[in-house]
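Data block below; observations after.
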Amino acid sequence: MLVVLSGLCYKFNRMKNSRRPTFIVTAIWVVAFLAGCSNNPTLTTSAAAENAEPGKFQPLTDIPIPNGAKLDSDKSLILGPADHWLGRAVLKVGLAANEATVFYQNQMPSFGWELITMAQGKVTNMTFSRADRIASIQIEGETFGGSHATIIMSPRQPKQEPSKTK
């Protein structure tokens with residue numbers, strides 16, 4: 001591909017008074033190069049996690065994952081086993097922000113999560129609880145379509161009795 005692009009650049013450079021084609025070909029080459037550098041793993045859909053092929057990357061099995069979602073490994077920190085993890089998972093979701101919100105609102109209960117609170121706006125924040133953990137999900141739309149979901153998983157703090165003062 002590089003040889004083809006180099007040849008095209010040479011031909012376009014030979015054209016009199018024309019720098020625009022060189023710029024276009026160079027821009028295409030840069031975009032192709034950067035697209036090849038993307039290393040964010042695609043997550044398998046959670047419903048299929050039990051039947052996933054060996055070697056497929058599936059770090060999260062206790063929350064729903066939309067089809068085609070990709071883990072942003074640079075912004076994520078996942079600690080612990082796939083079914084009882086803690087930390088932050090940032091997912092690039094192919095759904096619009098409102099569709100992603102509906103997805104998590106409808107699918108989290110099927111994974112045993114109970115909705116505690118939800119605030120919708122330009123950025124949607126949802127908080128769920130399950131056993132000894134709390135999941136906070138923040139969904140924000142992206143400029144050119146799709147959205148990203150930041151999921152913060154933390155341990156639930158034990159209930160404390162109010163202190164009795166004399």
Side-chain angles (χ1 to χ4, degrees), residues 1 24 26-163:
M1 182 170 163
I24 292 171
T26 303
I28 291 171
W29 182 83
V30 168
V31 169
F33 176 78
L34 292 176
C37 292
S38 175
N39 64 352
N40 293 331
T42 300
L43 300 172
T44 57
T45 305
S46 294
E50 295 175 9
N51 302 325
E53 300 171 16
K56 276 208 169 186
F57 182 67
Q58 183 58 35
L60 314 171
T61 59
D62 61 345
I63 60 170
I65 305 292
N67 282 331
K70 292 187 178 196
L71 180 71
D72 187 337
S73 53
D74 291 336
K75 296 179 182 175
S76 299
L77 175 64
I78 300 170
L79 304 170
D83 62 343
H84 202 79
W85 64 280
L86 299 173
R88 177 182 61 240
V90 179
L91 306 176
K92 293 180 182 180
V93 183
L95 302 172
N98 60 340
E99 293 171 333
T101 299
V102 170
F103 174 83
Y104 279 103
Q105 189 176 9
N106 292 337
Q107 295 297 317
M108 287 293 278
S110 66
F111 282 76
W113 294 95
E114 178 185 353
L115 180 64
I116 295 173
T117 186
M118 180 170 145
Q120 279 187 283
K122 188 174 181 180
V123 176
T124 298
N125 290 292
M126 296 182 281
T127 303
F128 295 87
S129 68
R130 182 174 104 172
D132 60 344
R133 293 187 301 154
I134 299 291
S136 296
I137 302 176
Q138 182 179 38
I139 299 172
E140 188 170 2
E142 293 183 349
T143 305
F144 298 111
S147 60
H148 64 270
T150 301
I151 303 166
I152 306 287
M153 192 70 67
S154 59
R156 177 192 293 268
Q157 296 298 316
K159 290 184 179 179
Q160 297 178 359
E161 295 292 324
S163 61

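- Annotation: side chain of Arg133 is in contact with side chain of Leu86 (closest heavy-atom distance under 4.5 Å).
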Acceptor/donor pairs from residues 106-126 side chains to any protein atom, 3.5 angstrom cut, sequence neighbours excluded:
unit_1	atom_1	unit_2	atom_2	d
Asn106	ND2	Val102	O	3.3
Ser110	OG	Gln107	O	2.6
Trp113	NE1	Asp62	O	2.9

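- Annotation: the span from Thr61 atom OG1 to Trp85 atom CH2 amounts to 10.5 Å, rounded to 0.5 Å.
- Nearest heavy-atom pair, Arg156 versus Ala131, reported as atom, atom and distance to 0.1 Å: NE-O, 3.1 Å.
- Judged as a side chain to side chain contact (heavy atoms under 4.5 Å, CB included), and not counting sequence neighbours, the contacts of Pro81 are Asp83, His84.
- Here the CG atom belonging to Leu60 is positioned 4.5 Å from the CD1 atom belonging to Ile78, to the nearest 0.5 angstrom.
- Arg88 is linked by a side chain to side chain donor-acceptor pair (under 3.5 Å) to nothing, counting only residues two or more places apart in sequence or in another chain.
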Donor-acceptor contacts, no H, no angles, side chain residues 136-154, under 3.5 Å, sequence neighbours left out:
unit_1	atom_1	unit_2	atom_2	d
Ser147	OG	Leu95	O	2.9

